Participant: 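My questions all concern the structure below.
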Number of protein chains: 2
Amino acid sequence: MEEEQLRALLRDLDALKQRPDDPASIERMRERVVAMMKPADAAARSKIKDMSAEVVDSNPYSRLMALQRMGVVENYERIRDYSVAIVGIGGVGSVAAEMLTRCGIGRLLLYDYDTVELANMNRLFFRPEQVGMTKTDAAVQTLSGINPDVVLESYSLNITTVNGFETFLGSLKARSSHDRSTGVDLVLSCVDNYEARMVVNQACNELGQTWMESGVSEDAVSGHIQLLVPGETACFACAPPLVVASGVDERTLKREGVCAASLPTTMGVVAGLLVQNALKYLLKFGQVSPYLGYNSLKDFFPTMEMRPNPQCSNPACVQRQKEYMASKPARDAAAKAKMEAESSAADEGPIHLDNEWNISVLDDDDTATSSIRSSADILPEGLVRELPDADSYPEPPAPVSSVAIDDDLEELQRQLDALNSS
Amino acid sequence: MEEEQLRALLRDLDALKQRPDDPASIERMRERVVAMMKPADAAARSKIKDMSAEVVDSNPYSRLMALQRMGVVENYERIRDYSVAIVGIGGVGSVAAEMLTRCGIGRLLLYDYDTVELANMNRLFFRPEQVGMTKTDAAVQTLSGINPDVVLESYSLNITTVNGFETFLGSLKARSSHDRSTGVDLVLSCVDNYEARMVVNQACNELGQTWMESGVSEDAVSGHIQLLVPGETACFACAPPLVVASGVDERTLKREGVCAASLPTTMGVVAGLLVQNALKYLLKFGQVSPYLGYNSLKDFFPTMEMRPNPQCSNPACVQRQKEYMASKPARDAAAKAKMEAESSAADEGPIHLDNEWNISVLDDDDTATSSIRSSADILPEGLVRELPDADSYPEPPAPVSSVAIDDDLEELQRQLDALNSS
């Protein structure tokens, strides 16, 4: 870093030899020298006790607290109460961790078994001088420098091993070191293989833990994110892929001398969409997408919604489904009470009295109240939406029997064909 | 020791301010700087002459070169021939610069007049220890450490001043220091105000320079990117905003103690979409989006296409439009020749013979051939597409007279209403 400053100084001096009377250039050199004189650790900021909305250059939270003034988030500072676990600190997970760190999340739990290589440099986050460090150590090094207010816990382990899984499960349940809470509020899966996803799925089904899954294709040009709420949505085992590694280690399928492609763009977009949905989920604004795809070649973003499969091969999933069905009367009553409270609140005038900027996003009113789409919003037959129509909340007859997954896929294909031919 | 050298440098610089024409003093400073430079830093990687596809941990380009094997990009290494200018190194521009740097772009030109503040830390890229540095210096510091193969040129100046604009325009036309080419291949506008966008628009219209514009809303939850090809698409002045600062400096409109909100997620997504489209444009794969919006509250991504306004207030735009119309016969002939060449090539079998992974993305065939949507693809009446239908290339009668912008907006609103009510 300092090396670069010195090289820049040399360039400036050489330029000055050609054109001596250049006060601006001298001033710039002065700044470079001053920047190099700062002791390294004095530069990193100290911890901040309370998030302030004060608009001064020295406040790292002013632009986030402004979300309250803008009427987007009701109470931004609640983000400090939340714990998020990120499994897989690669091209997506590392960027997701940085985004949450800069947003001032309370606690981050990071899991990875790998080390940083130069071959990772085509994605954001890791730097060449971190080659050889474990990804979790390198992440803690970078993230703690960016925001010392975030409590970081790193686990350099393989969750697909017996011991790794035990530690993983235990850490997800453990009491937080930074406040009195227990467990985590959300798990983000940013792994790159089927086996690890199934392990995250197993842990979250056992714990009844809401999680979000993410993935990027091996040709680097598409990706997706998905919300998984045990018992309420399809779990990762409810709709198994058509082809999986069977009886052999998935990694041995990767032939020597062949690797998947990856791009910082696709992974940055997927990480951004993932953490944006995590923020919407935690801070209760906007609508959390059940599934969102990203086809970068066409800038096409398919959405769909998958109900759980009653014949799911994962016993914990089936158990969560039973519990979810059993709690339906209580949920209906709560939804009714909430709707009544909102309709009486709506009579009292506009929600955001202090929106001094008069900024309104599309349908501002419903964004303050809706979080995850209600089950009434589930499409009864097909899976695909032609256009997001979350404005209209029709009340179709609640689906009683689930359609088998195969039928859903056929219906999806039929709808896509119809749309493409029109 | 080094601290002592830096203090001596400062003294020399202050003396030089008083008595500028002192070659001996400049030479003495040069020696001090060289003395401080460490012999070949061990941590940061050395330059790499040719991009290799070899799959080893030490190859920072293996995952990018894999795009060729996957059949996505025909010749990835061409990226080294390209120069990209990024105007505005803030929440979007800095991340765009990092993505292009990690992709191994040939040359990056960076423009910004601002310095790094703690208040910027809620977005990716800058680090607390860079507070006080100019954004361009801080960017060069970080980017050169990440990928020393990229030629970085930084301009700490305000393009909206007379002198700044002259330097800006000159640098866009100048001969590249890293190869024999002249000018830049693409300009990315990542500024945060109307005035600066109009300046980029002016420069690009004058030069006939293709550029991409990006923006994020002040409530931090939506954004957009847009492709502007002078003469071919609407320029930034063709469809002026409904309300702009008039007669006063835009910045004085920002009241004391009030700031716009921002999120690393929204800005990361917009930067990712922007650079992905820049890569598609430069490396000729997929389809470059004419306009792509991002509504993060609903994960809704509107697209549209805007033709140039023959009554545009910008004379350079009108001139480019005339040239574009005049070149139509030549373009038609070229398109016909290309189509014929492709249809005969298609008879010879599959395009990607060496796609050992058998990975196919949706409609792989057309991604290798299409870049920007052809003018024949422009919708004759409305602006919105219900679903991307780029597979079908119908040949509607070429639009002769442009519809006024107001009509287009009304038509857009009508279509949206119809879709929402269906």
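These numbers come from a predicted model, not from an experiment. Letters A, B, ... are given to chains in the order of the sequence lines, protein chains preceding strands, and every chain is numbered from 1.
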Participant: For chain A, which candidate among B:S58, B:G104, B:A220, B:G268 shows the most heavy-atom pairs at distances under 4.5 Å?
Facilitator: B:S58

Participant: Mind checking the CZ-OG spacing from A:R11 to B:S154? Nearest 0.5 Å is all I need.
Facilitator: 7.5 Å

Participant: Sort out for me which of A:T101, A:L64, A:D12 touches chain B most, counting heavy-atom pairs under 4.5 Å.
Facilitator: A:L64

Participant: Side-chain contact test, heavy atoms from C-beta onward, threshold under 4.5 Å: evaluate it for B:I146 versus A:M121 and give yes or no.
Facilitator: no

Participant: Do B:D299 and A:T303 pass the side-chain contact (heavy atoms from CB on, under 4.5 Å) test, and can you show the C-alpha distance, the side-chain angles, and the key distance before you say yes or no?
Facilitator: CA-CA 9 Å; B:D299 283 335; A:T303 58; 5.7 Å; no

Participant: Within the side chain of A:R102, is there an N or O that forms a donor-acceptor pair under 3.5 Å with the backbone of B:R123?
Facilitator: yes

Participant: Highest number of heavy-atom pairs under 4.5 Å with chain B: which of A:M99, A:M267, A:Q130?
Facilitator: A:M99

Participant: Using non-hydrogen atoms only, which part of A:Y294 is less than 4.5 Å away from chain B: side chain, backbone, both, or neither?
Facilitator: side chain

Participant: What residue, out of B:V269, B:L13, B:D57, has the most heavy-atom pairs lying under 4.5 Å from chain A?
Facilitator: B:D57

Participant: Return the CZ to CD distance between B:R63 and A:E218, rounded to the nearest 0.5 Å.
Facilitator: 10.5 Å

Participant: With chain B, which of A:S262, A:A271, A:A8 has the greatest number of heavy-atom pairs at distances under 4.5 Å?
Facilitator: A:S262

Participant: Of all of B:M65, B:E54, B:E98, which one pairs up most often with chain A through heavy atoms under 4.5 Å apart?
Facilitator: B:E98

Participant: Of all the heavy-atom pairs spanning B:Q276 and A:S296, show the shortest one and how long it is.
Facilitator: NE2-CB, 3.2 Å

Participant: With a 4.5 angstrom heavy-atom cut-off, is it the side chain or the backbone of B:L292 that approaches chain A, or both, or neither?
Facilitator: side chain

Participant: Count the heavy-atom pairs under 4.5 Å between each of A:L124, A:L263, A:L9 and chain B, then report the option with the highest count.
Facilitator: A:L124

Participant: At a heavy-atom distance under 4.5 Å, which candidate from B:D14, B:V56, B:T142 has the highest pair count against chain A?
Facilitator: B:D14

Participant: If I compare all heavy atoms of B:D219 with all of A:V72, which pair ends up nearest, and what's the gap?
Facilitator: O-CG2, 3.7 Å

Participant: Name the member of A:N59, A:N147, A:L100 that forms the most heavy-atom pairs with chain B at distances under 4.5 Å.
Facilitator: A:N59

Participant: Quick one: what part of B:L274 sits under 4.5 Å from any heavy atom of chain A, side chain, backbone, both or neither?
Facilitator: neither

Participant: Do you know which of B:P264, B:G272, B:C103, B:S156 has the most heavy-atom pairs with chain A at a distance under 4.5 angstrom?
Facilitator: B:P264

Participant: Please round to the nearest 0.5 Å and tell me the distance separating atom CZ of A:R28 and atom OG1 of B:T134.
Facilitator: 8.5 Å

Participant: With rounding to the nearest 0.5 angstrom, report the CG to CD1 distance, A:L118 to B:I48.
Facilitator: 7.0 Å

Participant: Enter the distance from A:E117:CD to B:S62:OG here, rounded to the nearest 0.5 Å.
Facilitator: 10.0 Å

